[in-house]
Trainee: 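Can you keep this structure in mind? I'll have questions shortly.
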Amino acid sequence: MDIVDDFADWDFTGGEIQVLRSKPHEPPMKSSVWQCSVCTCYNDKMSTSCDICGVSRSSFIRYSSPTEIEIEVDSRLRKCELSKMARSLFSSKPQRFPKLDISYEDFQDFLRFGGPRRAYAAPRSKRCIHIVPFKFDTPSPDDVVSTGLKSAKTYLKAVDTSHLTKPPSGTKEKEKKTTNLSENISANSSTGIEEEAKSLSENLQKLNLEKDNGPIKTRKPCPKPQYKPEKWMLTDQELGSRSQLNLAIVGHVDSGKSTLCGRLLHLHGQISNNQIHKYEKEAKDKRKGSFAYAWAVDESSDERERGVTMTVSVKYFDSKNYHVVLLDSPGHKDFVPNLISGTAQADAAILVVDASIGAFEAGMVGMTGMGQTKEHAQIIRSFGLEHIIVAINKLDSVEYSQGRFDLIKLQLGSFLRSCGFKESGLKWVPLSTMENQNLVEPPSDVRLLSWYNGGCLLDAIDFIPPPSRYISKPLILPICDVISSRTLGQLAVSGKLEAGAIRVGSKVIVMPSGTVATVRTIERNGANCNVARAGDNVCIGLQNIGDDQLTSGGTLCHVDFPVRIASVLELKILVLEISTPILVGFQVEFHVHHAKASARVEKIISLIDQRTGEILKKAPRMLSGKQSAIIIVNLDREVCVEEFATCRALGRVFLRSSGSTIAVGIVNRILEQS
């Protein structure tokens, strides 16, 4: 048999199309294919639809008997994943689709459209469709479910809201409301739907109203967790122990700060005579004999070679009332950022002034218009320190002149009062460090005794009121430095506990990395301890943390109360003496506690009155010296920071540019955080 193109030569037996092909002079070869009735394309036997036009293969298959139709439908239902309801609807059983009313040709519509069309076909000769009338009085399963949901909503609207606040008065009122509800529903639905709605409404009424005779209790929003200190944190201090006082030593370069610290340590037995003799010999060999006491705190080779303090040195001694922590800060203008980091840990300060002719004037008026004495005084005031001891040093160089002392007190005193220091918070002490006059004992030089009868420096330190501590607040420890030692381990941090308490074995979270670590060891005043509280300068060894997750400027926090990290801040600042005005887009160096970052002035919101806070001008074009303003800064990286009203230690900021401090202020709002 030759290859044919006419439909009459195709065999449709069994729903398959058998095409006989043969090559010339060869016996015929049989292959199973089927041809699309739309595009006349040949398709493989395994294809269920045409590869060209997509028409289903079953749409033009002819069946020879009703039995073949039932077999085809049952096989399709078994292959497709249908629910039981769908299987019952699409099954070919007599009660759903009577065989007597369906023609074989019209049943192809059933397969072509994928489901019943609610039409029962008559014999093919009549070519008409008889539609069975839909029974509106018989609800379908979907109608029953939908009506139940709607009736619940209707009931909630119809019921008086007084049931939510007052207990039901009686059973008659419940029945009356239920009856009114059922009458409303019966007007819009059939009897069967009404019964379903009434049943659902009664069940809902029992759940909501009959469960409790009292008013319904509504769920209130969960309040934010409040910190509750543990008992071990609030334990009283040991009998006979002294309160700790963190004392920052600041002042102009070469004013004698390190020498003063070395003298105090030697006089209190913290440095032996043999060590002092050793320092004197080493200093004379390098032709720096006057630096012997300074080398007691300046221990690095770079500091001894250059003759200036570069980092903050921490030393201890005990006075009558306090355990004093000396924070010897650098005085050179190149190391002011280190001074800021050291002063951030202080409770009070000693401002050392060089009384020599020309040295005091250089500290007041530098090359840029502001000397280091002025800048240091403004920095310590910006940290909130209210008590300051002004130690007028090197009076021996001016023969202990009272006139020189009064001149310094007059000029410097007016400036300190302009910075916000009160007269009650200032203590003026004349002394000479090199000659050991008026340090821990009253002066012995007659020239000084002739006009000064006040107390010595040590008495002034004991006169400082005890600082307040925030032990009952969550743990906050700004990281001053990352260190390592044999006793603390490879990973340890140092700093001052600003709030809360910590003990060995505690879990802490390190910000901004967010890593949880465990406290391994604690060192306070160079000795191991189990517990440290707010105000203590400590070194803490950590474990279960990587070295790349600890940085200077980070913060150790309570695991449930981490500090915020942000990069966009609204600041309230006081502009210092500057030569270049601050404009929008001005690049500054941002300092907060031990962290620093590059920043940009994004917006100048307003000028404000320094005393009252009243807005003087909105959106000024620039800021000049001695002005107070509210600005927005954008940092190049995120830092640990808090609003000043929440945490003062993490809310004081400094802006520097070209090696000078140009503004000091506080964090007013955090605008963007992680």
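The analysis underlying the following values was restricted to heavy atoms, covering all of them including side chains, and did not include hydrogens, waters or symmetry mates.
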Trainee: Classify the side-chain pair Arg263/Thr433 by whether it contains a donor and acceptor separated by less than 3.5 Å.
Mentor: no
Trainee: Quick one: are Ser255 and Val353 in side-chain contact, heavy atoms under 4.5 Å?
Mentor: no
Trainee: Donor-acceptor pairs under 3.5 angstrom involving side-chain atoms of residues 608-616: please list them, not counting sequence neighbours.
Mentor:
residue	atom	partner	partner atom	Å
Asp609	OD2	Arg611	N	3.0
Asp609	OD2	Thr612	N	2.9
Asp609	OD2	Thr612	OG1	3.1
Thr612	OG1	Glu614	N	3.4

Trainee: Tell me whether Arg600 forms a cation-pi arrangement with Phe586, defined as NZ or CZ under 6.0 Å from the six-membered ring centre and within 45 degrees of its axis.
Mentor: no
Trainee: Have Asn668 and Glu643 got a donor and an acceptor in their side chains that come within less than 3.5 Å?
Mentor: no
Trainee: Taking atom types as modelled, find out whether Ser552 and His594 have a side-chain donor-acceptor pair closer than 3.5 angstrom.
Mentor: no
Trainee: Under 30°, 30 to 60°, or over 60°: which ring-plane class applies to Phe654 and Phe383, parallel, tilted or perpendicular?
Mentor: tilted
Trainee: Check the side chains of Gln275 and His277 for a donor-acceptor pair under 3.5 angstrom, ignoring hydrogens and angles.
Mentor: no
Trainee: Give a yes-or-no answer on whether the side chains of Asn273 and His266 include a donor-acceptor pair shorter than 3.5 Å.
Mentor: yes
Trainee: Any chance the side chains of Asp354 and Ser356 put a donor and an acceptor closer than 3.5 Å?
Mentor: yes
Trainee: Looking just at side-chain N and O atoms, do Tyr316 and Gln244 make a donor-acceptor pair shorter than 3.5 Å?
Mentor: no
Trainee: With a 6.0 Å cut-off on ring centres, are Phe405 and Trp451 close enough?
Mentor: yes
Trainee: Can you tell me if Ser567 and Glu638 form a side-chain donor-acceptor pair at under 3.5 Å?
Mentor: no
Trainee: Quick one: do the Asn338 and Thr311 side chains pair a donor with an acceptor below 3.5 Å?
Mentor: no
Trainee: Under the salt bridge (Lys or Arg N to Asp or Glu O under 4.0 Å) definition, can you give me all pairs with a residue in residues 617-629, not counting sequence neighbours?
Mentor: Glu577-Lys626
Trainee: Has Arg656 got more than 12 heavy atoms of other residues, nucleotides or ligands less than 6.0 Å from its CZ?
Mentor: yes
Trainee: Taking Gln627 for the side chain and Ser624 for the main chain, is one N or O donor matched with an acceptor at less than 3.5 Å?
Mentor: yes
Trainee: Indicate the atoms forming the closest heavy-atom contact of Glu303 with Met310, along with that distance.
Mentor: OE2-N, 2.9 Å
Trainee: Evaluate the side-chain proximity of Cys480 to Gln345: yes if any heavy-atom separation is below 4.5 Å, no if none is.
Mentor: yes
Trainee: Under 3.5 Å, is there a donor on one side chain and an acceptor on the other for Asp481 and Ser494?
Mentor: no
Trainee: Can you see whether Ser444 engages Gln437 through a side-chain donor-acceptor pair at a distance of less than 3.5 angstrom?
Mentor: yes
Trainee: Honestly, is Lys374 close enough over Phe415, meaning NZ or CZ under 6.0 Å from the six-membered ring centre and within 45° of the axis?
Mentor: yes
Trainee: Output all residues satisfying side-chain hydrogen bond (donor to acceptor under 3.5 Å, both in side chains) with Ser313, sequence neighbours left out; order by chain, then residue number.
Mentor: none
